[in-house]
Amino acid sequence: MTFKDLGLIDPILKALTDKGYTHPTPIQQQAIPILLKGKDLLGSAQTGTGKTAAFTIPILQQIYNGIGAKKGGRKLKALIVTPTRELAIQINDNVTEYSKYTGIKSTVIFGGVKQASQVLAMRKGVDVLTATPGRLLDLVKQGFIDLGSIEYLVLDEADQMLDMGFIHDIKKILKLVPHKRQSLFFSATMPREIVDLSKLILGDFEKVTIAPEKPTAERVDQAVYFVGKRNKANLLKFIIETEKPQSLLVFSRTKHGANKIVKVLDKAGIQSAAIHGNKSQGARQKALNDFKDGKLHVLVATDIAARGIDVSELELVIQYDLPNVPETYVHRIGRTGRAKASGIAISFCATDERTYLKDIEKLIKQKVHVVAEHPFLSDEASEAGQMKGGDAPEQPKRNNRNRSRNRNRNRNKPKGQNNNGPKKQTARKPNKRFGSKPKTE
Ligand code: AMP
C-alpha cells in the first residue's frame with residue numbers, strides 16, 4: 001500500500017516524499033482512512049510507530065480541503081495536547097513539514113519560556129496548535145487563545161498526561177472546545193482510568209491498536225553491572241572511554257543526579273549535557289538538537305524529560321539508577337532499538353537496587369544478563385553476591401580472582417549449577433561489546 005492509495009492529496013504526498021517516507025506504517029494504514037471519514041479514533045500505540053503522521057496528516061488534509069470554503073480570518077481549527085515540551089516541539093515540527101505545501105499555519109506553545117513570542121504567533125493566525133496543558137490554559141485565561149473554533153482535538157500520550165497529574169487541566173480544556181468536533185485519543189497503555197477518560201472525549205469512535213513488532217525487552221540487548229554506588233561514575237566513564245558510543249542516553253532518577261553525572265564526566269574530559277525539568281527550554285532543546293545531530297555523544301536525562309525523545313539511531317542506553325517502577329525500565333530500554341535498529345541497554349545495579357531488578361525481571365519475564373567481570377566490582381557487589389535468594393551475578397569465565405571466589409560460593413552446589421536459581425529465559429545479551437570482558441583492566 002502507498003500513501004496515494006490512502007487518498008492523500010498532492011501537497012501532502014509531495015511533503016511525504018521530501019521526508020523520504022515511501023510506505024505508510026501499519027498505524028497510518030489503519031488510522032488515516034478512519035480519520036478522513038471524520039470519525040473519532042481511539043489509538044493504542046506507542047511513539048515510534050509513526051502515530052504522529054497517522055493523526056496529523058488526515059487533519060491537515062481536512063483543513064486544506066475546508067479552507068477554500070471558509071473565507072475570512074484564520075481561526076484555530078486543530079488542537080493537539082501533549083504532556084511534554086519535547087513531544088510538543090516534535091509534533092509541531094512534523095506538522096510544519098507535512099503541511100509545507102498546503103499554506104496551513106501551525107505553532108507550538110509550552111511552559112518554561114517567555115510567552116511573548118507564543119502570543120505573537122497566535123495573533124498572526126494559526127490553524128493547528130500543539131500545546132502542553134498548563135501554558136495552554138494560561139494563555140486561554142489571559143485571552144490570547146480562543147478554543148471556541150476547534151474542529152479537531154487530539155489528546156496524545158494520555159497515560160503520561162494522567163501520570164503527570166494533568167487530568168484536571170484536560171477536563172478544563174474539554175469544557176472550552178466545541179462539542180461538535182472530531183476527537184482523537186492516543187495512549188500507549190489502556191488502564192481503566194484511561195478508558196474512562198477516553199469516554200469523556202470521544203463520541204462515535206473506531207479503535208486502532210498497534211502492538212510494537214516485538215516486545216521491547218525482546219528487541220533490545222540487555223545487561224546489568226552490579227556495582228557499588230560510589231563506583232557508578234567510574235564505571236560510566238570506563239564504558240564511555242572503552243566503547244566510545246556515538247549516541248548514549250544515560251538515565252538518572254533525579255535532576256540533581258543528572259547534573260552530578262555531567263560534572264563528573266566533564267572532569268574526565270567527556271562532553272555531555274543534562275536535560276530535565278530545571279533546565280531552561282532553550283538549554284534542553286539545544287542539548288537535544290546537538291545529540292540528534294551527532295555533535296554531542298552523551299545525553300543525561302530524567303525519565304520525564306526523555307519520554308518521547310525520537311532519536312532513531314540511539315546506540316546505547318545506560319540506566320545509572322534502576323527505577324523502582326519496573327515499567328519505567330521498559331520505557332527506558334525502549335529508547336534504543338527503535339525502527340528496527342538494534343540497541344543495547346545497560347543497567348547499573350547497586351546492592352539496594354537488587355529488589356528493583358527482581359521486579360523488572362518478573363515484569364519482562366526474563367533474566368537480565370549479568371556482566372560479572374569489570375574493574376568496579378565493589379565490596380558491596382561481592383557481599384551482595386553472597387546474599388541468600390540465589391540472584392548473585394553470573395559467574396565470570398576468565399577472571400582468576402573471581403573464579404576462586406565463585407568456587408567458594410558454589411562449593412556445595414552440584415556441578416554445572418550456579419547461584420542463579422531455577423533456569424529462566426535470559427534476555428538477549430549484548431554480543432561482543434558491553435556484555436563481555438572489558439577490553440582493558
Ligand atoms: P512517531 O511514532 O510519530 O514518533 O514516529 C516515529 C518515527 O518514524 C519518526 O522519526 C517519523 O518521522 C518516522 N516515520 C513516520 N512515518 C513514517 C513512514 N511512513 N515511513 C518512514 N518513517 C516514518
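Counting convention: from 1, in listed order, for ligands and their atoms alike.
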Just by distance, do the side chain of T132 and the backbone of G134 share a donor-acceptor pair under 3.5 Å? no
Nitrogen or oxygen atoms of A53 and ligand 1 under 3.5 Å apart: no
With distance as the sole test, does D293 use its side chain to make a donor-acceptor pair with the main-chain N or O of K295 at under 3.5 Å? no
Does any N or O atom in N94 lie less than 3.5 angstrom from one in ligand 1, N or O only? no
Quick one: does ligand 1 sit under 4.0 Å from the side chain of Q28, the backbone, both or neither, non-hydrogen atoms only? side chain
I need the atoms of ligand 1 closer than 4.0 Å to a non-hydrogen atom of H23, numbered in the order shown. 18 (C), 19 (N), 20 (N)
T52 heavy atoms, cut-off 4.0 Å: which ligand 1 atoms fall inside? 1 (P), 3 (O), 4 (O)
How does F3 reach ligand 1, if at all, at less than 4.0 Å between non-hydrogen atoms: by side chain, backbone, both, or neither? side chain
Would T22 count as being in polar contact with ligand 1, using the rule that some N or O on each side must be under 3.5 angstrom apart? no
Would you list the pairs meeting ring pair (Phe, Tyr, Trp, His ring centres under 6.0 Å) in which at least one residue belongs to residues 133-182, sequence neighbours left out? none
Row check, Y101 ring normal vs K14 NZ/CZ: under 6.0 Å, within 45°: yes
Report yes or no: is the cationic atom of R335 (NZ for Lys, CZ for Arg) under 6.0 Å from the centre of the six-membered ring of F251, at an angle within 45° of the ring normal? no
Who pairs with E97 by salt bridge (charged side-chain N to carboxylate O under 4.0 Å, His left out), at least two apart in sequence or on another chain? K19
